[in-house]
Amino acid sequence: MAYESELALRLVPYVAGEQPKNVKLIKLNTNENPYPPSPKVAEAMAAVAADSLRLYPDMDASALCAAIAKVNGVAADCVFCGNGSDEVLAFAFAAFFAGKTLAAPDVTYSFYPVYANLFGVDYRTVPLKADFTVDVDGLMQGGPIALANPNAPTGLMLEMSEVERLAMHAKANDAVLLVDEAYAAFAPGTAIGLLERYDNVLITRTFSKSHALAGMRIGYAIGSPRLIAALKRVRDSFNSYPLDRLAQAAGEAAILDTDYTAKTVQLVCEARDACYEALKAAGIPVLKSSTNFLFVQADPEDAAQVQQLLREEGVLVRHFKAERLKAWLRVTVGTMEDMKTVTGLLLKLCRRA
Ligand SMILES: *Cc1c(COP(=O)(O)O)cnc(C)c1O
């Protein structure tokens, strides 16, 4: 016997990027937005009457779901909101993958294997190809599929005709295709167009990156009413009120301020592409990003030392120890000024093959 359950003992928790105490660092390690959220967010939060906090929030976050539906051109009953897209993903794993065999790329968002372990999912990884693109045919294993698109930490986007092939394969096998679109706002495409034809496709999104609200914890899913109903069954078996009143008001204000989002996303994309071009011109391997980060080969063998040197220069980036990733650094895109600093440092510190 032990105090802990067998479940608690076998968990292998997710390891998030560091949140440093030293605020002077240029923080480019967790893909946060360098700009503040829309000014309308603070206004909306201030307008939440203090007295209303006595009362439980709307469990379905109806106004927020309606705003998300409007901006994305879908029906409101196709939207589900959760406490960050991490929670939405957890509910999706429980609702659609528990007890089944799930196929996912070997290099992808590292929370998927953690949820698989928690929810009793047989998690089968399919190696990315040598150029870090997704092996679409390899993912077709007769069951559900999880795909981050654009992928993390590569930043590469899989074209929609290929995503559709996965949707078709999953549907033919009565299974769900999960498309994690955490970075969709920075990408040239989205799978939303597939929803009309595929009731088995679930798309997840987050306010953490494109809407600069990582601190509020707001995520959502878009999919057929049947899939949304299954997510609600899981939610109501765990925590019926995942989003508090402040988060619901903040999210609604943020998503409806489409001009502000477009403007800040544009600034991030410009800084990203300028850094990409400079690294490429200098012969430093870097992947074409459809996200708010760049994946840079900083050392032909192991980039841990370059990460440390960057830190000593006041810049925090993410390094992954996995064999296939250890030569690379994931650099979140900051302001144009941040990126000038980082580009200069990378040109100086990266070791070429
Ligand atoms: C950041 C990220 C998430 C989590 O987003 P939250 O809403 O902050 O929980 C999910 N998936 C991917 C691929 C991400 O990069």
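Numbers here are sequence positions counted from 1. We count ligands from 1, going down the list as the structure has it; atoms in each ligand are counted the same way.
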In terms of side-chain geometry, is the basic nitrogen of Lys209 or Glu32 positioned less than 4.0 Å from the acidic oxygen of its partner?
no

Can we say Asp299 and Arg351 salt-bridge, meaning some charged N sits less than 4.0 Å from an Asp/Glu carboxylate O?
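A salt bridge links Asp299 with Arg351.
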
Which word best sums up how the rings of His211 and Phe207 line up, parallel for under 30°, tilted for 30 to 60°, or perpendicular for over 60°?
tilted

Using 30° and 60° as the class limits, which term best fits the ring planes of Phe238 and Phe91: parallel, tilted or perpendicular?
perpendicular

Name the one of Leu243, Asp58, Leu256 that satisfies side-chain contact (heavy atoms from CB on, under 4.5 Å) with Leu64?
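By the side-chain contact (heavy atoms from CB on, under 4.5 Å) criterion, Leu64 pairs with just one of Leu243, Asp58, Leu256: Leu243.
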
Anything with a heavy atom under 4.0 Å from ligand 1 counts, so go ahead and list those protein residues by chain and number.
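Residues near ligand 1: Gly84, Ser85, Asp86, Leu89, Tyr109, Asp180, Ala182, Tyr183, Thr206, Ser208, Lys209, Arg217.
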
Identify whether Leu227 and Val234 are in the same connected component of the hydrophobic contact network (ILVMFWY, side-chain heavy atoms under 4.5 Å).
yes

